[in-house]
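Residue numbers start from 1 in every chain, and the chains themselves are labelled A, B, ... in the order their sequence lines are given, proteins ahead of strands. Just so it is clear, the values below take in all heavy atoms, side chains as well, and ignore hydrogens, waters and symmetry mates.
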Amino acid sequence: MSEIADKVKKIVVEHLGVEESKVTPEASFIDDLGADSLDTVELVMAFEEAFSVEIPEDAAEKIATVKDAIDYIEKQKAA
Amino acid sequence: MGIVSPLGLGLEHNWSRLIAGESGIGRIASFDPSDLPAHVAGEVPAGPTEAGGLTLSDWVPVKDQKKMDRFIHLGLVAATEAVEDSGWKPESEEDRCRTGVMIGSGIGGLQTIYDASITVHEGRARRLSPFFIPSALINLVSGHVSIKYGFKGPNHSVVTACATGVHAIGDASRLIMLGDADVMVAGGAEAAVCPLGIAGFSSARALSTAFNDTPEKASRPWDRDRDGFVMGEGAGIVVLEEYEHAKARGAKIYGEIIGYGMSGDAYHITAPAEGHEGAYRAMQAAVRSAGISVSDIGYVNAHGTSTMADDLELQAVERLFGDAASQVAMSSTKSAIGHLLGAAGAVEAIFSILAIRDKVAPPTLNLDNPSTESVIDRVAHEAQRRKIDIALSNSFGFGGTNASIIVRGV
């Protein structure tokens, strides 16, 4: 796993209080990890802070799974 | 009933420490108060739950803790104890809809607002937590309790500064009388022992500053050396229930609310009117609604904040009781726990009910030299065994708001 993926996973575990094993790439924040809409807003903010990236609202709305988050951040970082 | 206070966690733990004359006041530990005029407060002690300390993760899941200010944490702790103590677990949708919540706070999420202000001030408004608003809102204790237990009846809250706790219990009992609910979870929660809270009340010249080196002596209602109140934090919650409803399910009944009175001073934003005539009228209204004679009241839990207003309340109580004044005991339990602001009235109403249950008047600590003599026994230093069948509890708040409640044993 990439460094970004590791960090994303850690943030998710911390913010949603879920077990690390549940944070698979396919896991959906809302359906699988017990987040509500406010939790996802906070998660996106935590990603922005941790990776020094801007995630605009329309992009944030498309981040539903752990993999979505990793892919988006990796793309931003590569750009 | 449930209490979390500077004396610790749990109804019986609080009561036994209170009766033993112990104090929950100390030097402020949650932050360094050196730059502020007042260095003492009553803070809820951390520690293992079984030892009467607060271990928050035993009550609120870790991932939810950051979504609520501390006043909500404390409210949830006391509400959980109260609801479990009551044994009320509504199974049907109808019963859930007949169960409401009315928990207030004087100030709400002050530390949360402070922290958020700094985030915005530093130009990081976009980093503000989406949980900021629901963390600070006063009615969110009622909200969280309803969500936790599925109570779908009236969901309400009270904000009347230091009279909040009595107003919440009194108003909730009225909702039951009016038929809006069969069961109401009611009370107050407060957590304003933070730099902004201490600084604000200091600026209003309301806090004790002369006992920074001897914190346990700082809260001394009616004593000639008193110099302001000591802020405390905590929550007091009761489960109120329509009498026949409680009897039918064989509920444990601690007591009955028989009287409730309210008034406004229409005088000054922080100072009580002469002779505390607003307090007198609130007590008078409570006695009238109870349909009792003042001589039936064996114990008064005074507002008694350890400020100059103590003697005014004393005057009003003497006036109310008249010839019966020499028979009544009156104490201020703020001497042991400090002033819990919006939670004070609820915690003190609970102490009044336990005073009836055990026929014990809790003491007024540090009352070494009363500034005014009175025929009313103010239970200095040590608890007293008394004949107490009915008790009156007072709470008065900034803005000139007064509330009194009368409880009776069952």
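Annotation for Glu54(A) and Arg126(B): closest pair OE1-NH2, 3.4 Å, computed over non-hydrogen atoms. Nearest approach of Pro130(B) to Leu38(A), heavy atoms of both residues: CG-O, 3.4 Å. Closest approach of Lys63(B) to His15(A), counting heavy atoms only: CB-O, 4.1 Å.
Few gaps surround NZ on Lys66(B); more than 12 heavy atoms of other groups in view lie less than 6.0 Å from it. More than 12 non-hydrogen atoms from other residues, nucleotides or ligands lie less than 6.0 angstrom from CD of Glu12(B). The neighbour count for His156(B) NE2, taken as heavy atoms of other residues, nucleotides or ligands under 6.0 Å away, does not exceed 12. Annotation for Glu57(A): atom CD does not count as buried by contact number, only 12 or fewer foreign heavy atoms lying within 6.0 Å.
For Arg124(B), the part sitting under 4.5 Å from any heavy atom of chain A is the side chain, from C-beta outward, and nothing else.
With values rounded to the nearest 0.5 angstrom, Lys67(B) atom NZ is found 7.5 Å from Glu42(A) atom CD.
Here Ala172(B) pairs with Met102(B), Met184(B), Ala186(B), Leu240(B) under the side chain to side chain contact (heavy atoms under 4.5 Å, CB included) rule; sequence neighbours left out.
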